[in-house]
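Heads up, the thing below is written out as structure tokens.
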Amino acid sequence: MDLTNVDYREKIPNNVNLTEDRRVLKALEGWHPGYLDWWKDMGPEGFQESLVYLRTAVSVDPKGWAKFDYVRMPEYRWGILLAPQEENRTIPFGQHFGEPVWQEIPGEHRATLRRLVVIQGDTEPASVEQQRHLGKTAPSLYDMRNLFQVNVEEGRHLWAMVYLLQKYFGTDGREEAEALLQRRSGDADSPRMLGAFNEKTPDWLSFFMFTYFTDRDGKMQLEALAQSGFDPLSRTCRFMLTEEAHHMFVGETGVTRVIQRTCEAMKAAGITDPYDIEKVRKLGVIDLPTIQKKANLHFSLTLDLFGNEISTNAANAFHAGLKGRYRESRLDDDHKLEQSTYPVLRLIDGRIQNEDAPALSALNMRLRDDYVNDANVGVGRWNKVIESFGIPFEIRLPHVAFHRHIGEFAKIKADVAGKQLSDAEWASRRSEFLPNDADKDFIESLMQPQWEAGKFASWIAPPKVGIDNKPGEFEYVKIA
Ligand code: BYC
């Protein structure tokens, strides 16, 4: 069988030869109706009959893996796609460094691997649930299509993890696959596993910030899992990363277009002071300080997803060869880290300072540092737009101690510069840093649908180019 192109003969498109793997095929076919029920209950609200111009993976060849066409979302072909197997691949880190990768799970690592796969799997449907109300306030058909593209692909990423559970984890894998359809984002009794995936995504600026900041955590975690000595996990994550790039593109360009529109409107109205919030808002655009507050919120919630700075779980997963570092193979060291240290920002004697920690224990911190560097690149591009209008304002990522709920800084309050605040100071200054009710109400007031092809809501600029090079007036969603 050709394992580059995807086999569409089965109900579940795949490049893993499911036709000859009857046990797994049957298990997945058994899971499919529950997935569709979940999609109908918790996927995009409305629009299920609408034709959406979506890309579907038809190959895992990096040069041409997707085709675009109009699809009704419930008819999207969610499939199982793994990057091609690399011949003679060896484990790139940890105690088994240099040994051949595993095609089956070593018994002693089963529980740890299952936990990593389940946590990864849990985030995927969670994000779809968080975004389910956004279709009805889409600022254009272009944006609506991008939202739905992200949603169907997060659905596919759930399939990717469920395939691993069904194929490699037996009965408990099947139970976990069911449980992934039972938990619900924000539910009091049965919430999603990680904090940020139980928050609301109430408006489109939040959606863009989420796809910029939180999908980027997805990228970092998938890059780390793509290094895994368990080869099927590595191959699965490698293909997911291909899709993930578009999600971050949606976030980065979404925020850019919001900033662009605000700056254009300020310039046209002759407003030079970015802090003249009332005047800026009267123009029907989102003022830059409020955009900064949204960035503060989503960045800080996302930092929590890296876990504790010092983590035995992370050390064990690395040592065992299950979860590596960001782009492990490009790093120039012994890939075992048994003797080395890494500087970790900690709270020592009440002060925030660096302390050298064993590098193995500091892997969450290291991945978070890589993440912050990566996240700063797009922020630089946002600032270029503001600068091009001559407006004296710069978006900045807050200090890593700001607004944290997991790790070293969960027990303190700090401002965006990392200066510690008393509880009373925090309470009185919180709305300087994070969106307050008035900000939320204002943004909500702007969330009016604009569904005429080629038109955009007042608060966002059109994109520079269309999806699949389509012209400006292209009807990305034919609303039924
Ligand atoms: N919320 O030793 P620690 C994505 C728990 S996003 C709640 O520091 P570890 C996507 C932790 O579970 C990427 N609990 O943990 C984006 C542990 O509990 P147990 C998702 C938390 O394991 C957008 C305890 O605290 N993928 O793909 O080193 C749209 C001790 O913590 C949190 C992954 O995350 C939290 N934030 O690190 C769609 C990859 N943080 O086990 C999709 C897989 C920690 O002691 N997961 N805890 O009861 C992992 O690699 C790790 O489990 C974590 C945590 C990085 C999440």
Side-chain angles (χ1 to χ4, degrees), residues 39-40 43-58 64 66-77 127-128 130-156 201-212 215 243 245-265 268 283-286 291 385 443-480:
W39 179 268
K40 284 181 196 138
E45 195 184 79
F47 308 99
Q48 300 289 343
E49 291 303 314
S50 300
L51 286 168
V52 188
Y53 193 69
L54 293 175
R55 71 176 183 189
T56 304
V58 288
K67 82 171 179 17
F68 287 84
D69 208 347
Y70 283 107
V71 180
R72 283 185 191 84
M73 284 185 281
E75 290 160 21
Y76 186 80
R77 303 295 303 274
S127 69
V128 177
Q130 288 171 296
Q131 296 161 13
R132 69 183 303 255
H133 302 295
L134 291 174
K136 52 182 188 284
T137 55
S140 70
L141 294 182
Y142 166 89
D143 290 291
M144 187 190 280
R145 177 259 166 223
N146 283 348
L147 167 73
F148 295 155
Q149 182 74 62
V150 167
N151 293 160
V152 292
E153 284 175 355
E154 299 302 4
R156 204 202 68 72
T201 309
D203 57 67
W204 277 78
L205 183 54
S206 273
F207 170 66
F208 294 135
M209 291 291 180
F210 183 96
T211 39
Y212 185 75
D215 278 75
E243 292 163 313
H246 176 65
H247 306 185
M248 285 177 294
F249 162 87
V250 168
E252 181 177 334
T253 55
V255 176
T256 306
R257 290 162 53 216
V258 177
I259 291 174
Q260 168 92 22
R261 184 68 202 100
T262 300
C263 294
E264 284 167 1
L283 305 172
V285 295
I286 306 174
I291 296 174
V385 175
I443 293 177
E444 202 187 309
S445 76
L446 292 182
M447 296 296 122
Q448 303 300 329
Q450 175 49 275
W451 295 349
E452 206 177 310
K455 293 255 168 77
F456 291 81
S458 68
W459 53 272
I460 188 164
K464 284 212 171 77
V465 278
I467 293 295
D468 194 28
N469 282 320
K470 292 296 176 205
E473 69 284 2
F474 185 73
E475 194 178 6
Y476 287 99
V477 183
K478 295 186 183 182
I479 295 176

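- Counting non-hydrogen atoms of other residues, nucleotides and ligands closer than 6.0 Å to CD of E444 gives a total of 12 or fewer.
- T137 places no side-chain N or O within 3.5 Å of a backbone atom of Q448 that could act as its donor or acceptor partner.
- The one candidate from R132, R156, Q131 that meets the side-chain hydrogen bond (donor to acceptor under 3.5 Å, both in side chains) condition with N151 is Q131.
- For T211 against V250, the heavy-atom pair with the smallest separation is OG1-C, 4.2 Å.
- Under a cut-off of 6.0 angstrom, the local environment of NZ in K136 is crowded, with over 12 non-hydrogen atoms contributed by other residues, nucleotides or ligands.
- Atoms OG and CZ, from S127 and F207 in turn, are 9.0 Å apart once rounded to the nearest 0.5 Å.
- Looking at W204 and L446, their side chains never come closer than 4.5 Å, going by heavy atoms from C-beta outward.
- Taking each heavy atom of Q149 and R55 in turn, the nearest pair found is OE1-N, 2.7 Å.
- Sorted by first and then second residue, the ring-ring contact (aromatic ring centres under 6.0 Å, His included) pairs involving residues 451-473 (not counting sequence neighbours) are F47-W451.
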- Message: M209 vs Y212, test: side-chain contact (heavy atoms from CB on, under 4.5 Å). Steps then yes/no.
- Response: CA-CA 5 Å; M209 291 291 180; Y212 185 75; 5.6 Å; no

For residues 460-479, tabulate all N or O donor-acceptor pairs below 3.5 Å that involve a side-chain atom, not counting sequence neighbours.
unit_1: D468; atom_1: OD2; unit_2: Y53; atom_2: OH; d: 2.6
unit_1: Y476; atom_1: OH; unit_2: I467; atom_2: N; d: 3.0

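- Going from atom CD1 of I259 over to atom CD1 of I291 covers 5.0 Å, rounded to the nearest 0.5 Å.
- The shortest distance between side-chain heavy atoms of Q48 and R72 does not fall below 4.5 Å.
- Side chain of S458 to backbone of G284: a donor-acceptor contact under 3.5 angstrom is found.
- Here the closest non-hydrogen pair linking L54 and Y76 is CD1-CD1, 3.9 Å.
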- Message: Quick one, E154 with D215, criterion side-chain contact (heavy atoms from CB on, under 4.5 Å). Give me CA distance, side-chain angles, the key distance, then yes/no.
- Response: CA-CA 10 Å; E154 299 302 4; D215 278 75; 3.1 Å; yes

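- Nearest heavy atom pair, residue W39 against residue P44, reads CZ2-CD, 3.4 Å.
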- Item | F210 vs H247, side-chain contact (heavy atoms from CB on, under 4.5 Å): CA-CA, chis, key distance, verdict | CA-CA 10 Å; F210 183 96; H247 306 185; over 6 Å; no

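- For the pair E264 and R261, the salt-bridge criterion is met [side-chain N within less than 4.0 Å of a carboxylate O].
- E75 CD to L51 CG: the interatomic distance, rounded to the nearest 0.5 Å, is 8.5 Å.
- Side chain of T201 to main chain of S206: no donor-acceptor pair is present (N/O by atom type, distance under 3.5 Å, no hydrogens or angles).
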